[in-house]
*Asks:* 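Here you go, one structure.
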Amino acid sequence: QLQLVESGGDLVQSGGSLRLSCEASGLSLDGYSIGWFRQAPRKAREGVLCLMGGGGSTNDSVDGRFTISRDNAKNTFYLQINNLKLEDTATYFCAAARAPDVCDIYDMDHWGKGTLVAVFS
């Protein structure tokens with residue numbers, strides 16, 4: 001059974017940077033689609049970035065402040081967030097899907113429990 005554990009969340013001033021990690025255990029992430037999602041208070045969970053297992057997705061967010069990467073040797077993937085903004089405050093979840101070509105929140109098979117990112121001005 002694949003298990004995911006996030007780390008790296010913190011209280012950080014706006015403009016700062018964080019790198020979140022998602023370490024997998026139990027199974028290899030090779031070929032899995034992997035993604036980061038977030039849920040702000042009183043809001044629905046939303047997608048941040050995703051990498052398809054087949055390599056069919058970009059690894060840069062629309063505004064360029066987020067970057068997703070994976071290290072298959074460490075069975076870990078990451079989310080780099082630069083120039084943090086107040087609206088980035090949320091619990092960040094990592095997730096993985098066995099299918100190599102999906103990135104939708106409803107396609108994810110495995111979820112971590114989340115790590116909190118809180119941004120202050």
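The analysis underlying the following values was restricted to heavy atoms, covering all of them including side chains, and did not include hydrogens, waters or symmetry mates.
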*Asks:* For A97 and V102, which heavy atoms make the closest approach, and how far apart are they?
*Replies:*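 Scanning both residues completely, I find the closest heavy atoms to be CB-CG2, 3.6 Å.
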*Asks:* Is any side-chain heavy atom of T115 closer than 4.5 Å to a side-chain heavy atom of V5?
*Replies:*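 No, every pair of side-chain atoms sits at 4.5 Å or beyond.
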*Asks:* Check the pair Y78 / D71 against side-chain contact (heavy atoms from CB on, under 4.5 Å), numbers first and verdict last.
*Replies:* CA-CA 8 Å; Y78 307 93; D71 185 336; 4.0 Å; yes
*Asks:* Just do the side-chain contact (heavy atoms from CB on, under 4.5 Å) check on Q39 and E46 with the steps written out, would you?
*Replies:* CA-CA 6 Å; Q39 188 165 16; E46 63 179 3; over 6 Å; no
*Asks:* If hydrophobic clusters are built from ILVMFWY residues whose side chains come within less than 4.5 Å, do L79 and L51 share one?
*Replies:*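 Yes, one cluster joins them.
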*Asks:* Below 6.0 angstrom between ring centroids: does that apply to W36 and F66?
*Replies:*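 Centroid distance W36-F66: not below 6.0 Å, so no.
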*Asks:* Does CD in Q80 sit with more than 12 non-hydrogen atoms of other residues, nucleotides or ligands closer than 6.0 Å?
*Replies:*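 Yes, enclosed.
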*Asks:* For A96 and L2, which heavy atoms make the closest approach, and how far apart are they?
*Replies:*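 Minimum heavy-atom contact is CB-CD2, 4.0 Å.
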*Asks:* Assess R98 against Y32: is NZ or CZ under 6.0 Å from the centre of the six-membered ring, and within 45 degrees of the ring's axis?
*Replies:*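 Verdict for Y32: no cation-pi partner in R98.
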*Asks:* Taking atom CG of D30 and atom CG of N75, what is their separation to the nearest 0.5 Å?
*Replies:*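 If I round to the nearest 0.5 Å, the distance is 7.0 Å.
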*Asks:* Check whether D10 reaches the backbone of V12 with its side chain - one donor and one acceptor, N or O, closer than 3.5 Å.
*Replies:*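 Answer holds: no.
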*Asks:* Spell out, yes or no, whether Y92 and I105 are grouped together once hydrophobic residues are joined by side-chain heavy atoms under 4.5 Å, including indirect joins.
*Replies:*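 They do not share one cluster, since no chain of ILVMFWY contacts under 4.5 Å joins Y92 to I105.
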*Asks:* Would you name the heavy atoms of S33 and P100 that are closest together and state the gap between them?
*Replies:*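 Between these two residues, the closest heavy atoms are OG-C, 3.2 Å.
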*Asks:* Check for me, please, whether F77 and L49 land in the same ILVMFWY cluster - side-chain distances under 4.5 Å, paths through other members count.
*Replies:*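 Yes, same cluster.
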*Asks:* Provide the closest heavy-atom pair for C94 versus E6 in the form atom of the first, atom of the second, distance.
*Replies:*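 Smallest interatomic distance, heavy atoms only, reads N-OE2, 2.9 Å.
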*Asks:* Give a yes/no verdict on a cation-pi contact between R45 and F37, requiring under 6.0 Å between NZ or CZ and the six-membered ring centre and an angle within 45° of the axis.
*Replies:*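 No.
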*Asks:* Kindly indicate, with the supporting measurements, whether the criterion side-chain contact (heavy atoms from CB on, under 4.5 Å) is fulfilled by L18 and L84.
*Replies:* CA-CA 8 Å; L18 278 177; L84 278 154; 4.0 Å; yes
*Asks:* Report whether W111 and I34 are members of the same hydrophobic cluster (ILVMFWY, side-chain heavy atoms less than 4.5 Å apart, transitive linking).
*Replies:*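 Different clusters: W111 never reaches I34 through Ile, Leu, Val, Met, Phe, Trp or Tyr contacts under 4.5 Å.
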*Asks:* Which heavy atom of S121 sits nearest to which heavy atom of S14, and what is that distance?
*Replies:*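 That closest heavy-atom pairing would be CA-OG, 3.8 Å.
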*Asks:* Would you give the length of the straight line joining atom OG1 of T76 to atom CG of L29, rounded to the nearest 0.5 angstrom?
*Replies:*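 One finds 8.0 Å between OG1 of T76 and CG of L29.
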*Asks:* Determine, step by step, whether D88 and R38 satisfy the side-chain contact (heavy atoms from CB on, under 4.5 Å) criterion, reporting the C-alpha distance in whole Å, the side-chain angles of both residues, the deciding distance to 0.1 Å, and the verdict.
*Replies:* CA-CA 9 Å; D88 295 324; R38 68 183 182 182; 3.0 Å; yes
*Asks:* Is I81 linked to L86 within one hydrophobic cluster, defined over Ile, Leu, Val, Met, Phe, Trp and Tyr using a side-chain heavy-atom separation of less than 4.5 Å?
*Replies:*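 Yes; tracing contacts between hydrophobic side chains, which count when under 4.5 Å, links both residues.
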*Asks:* So, for S17 and N82, which heavy atoms are closest and what is the spacing to 0.1 Å?
*Replies:*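 Shortest heavy-atom separation between S17 and N82 comes out as OG-OD1, 3.1 Å.
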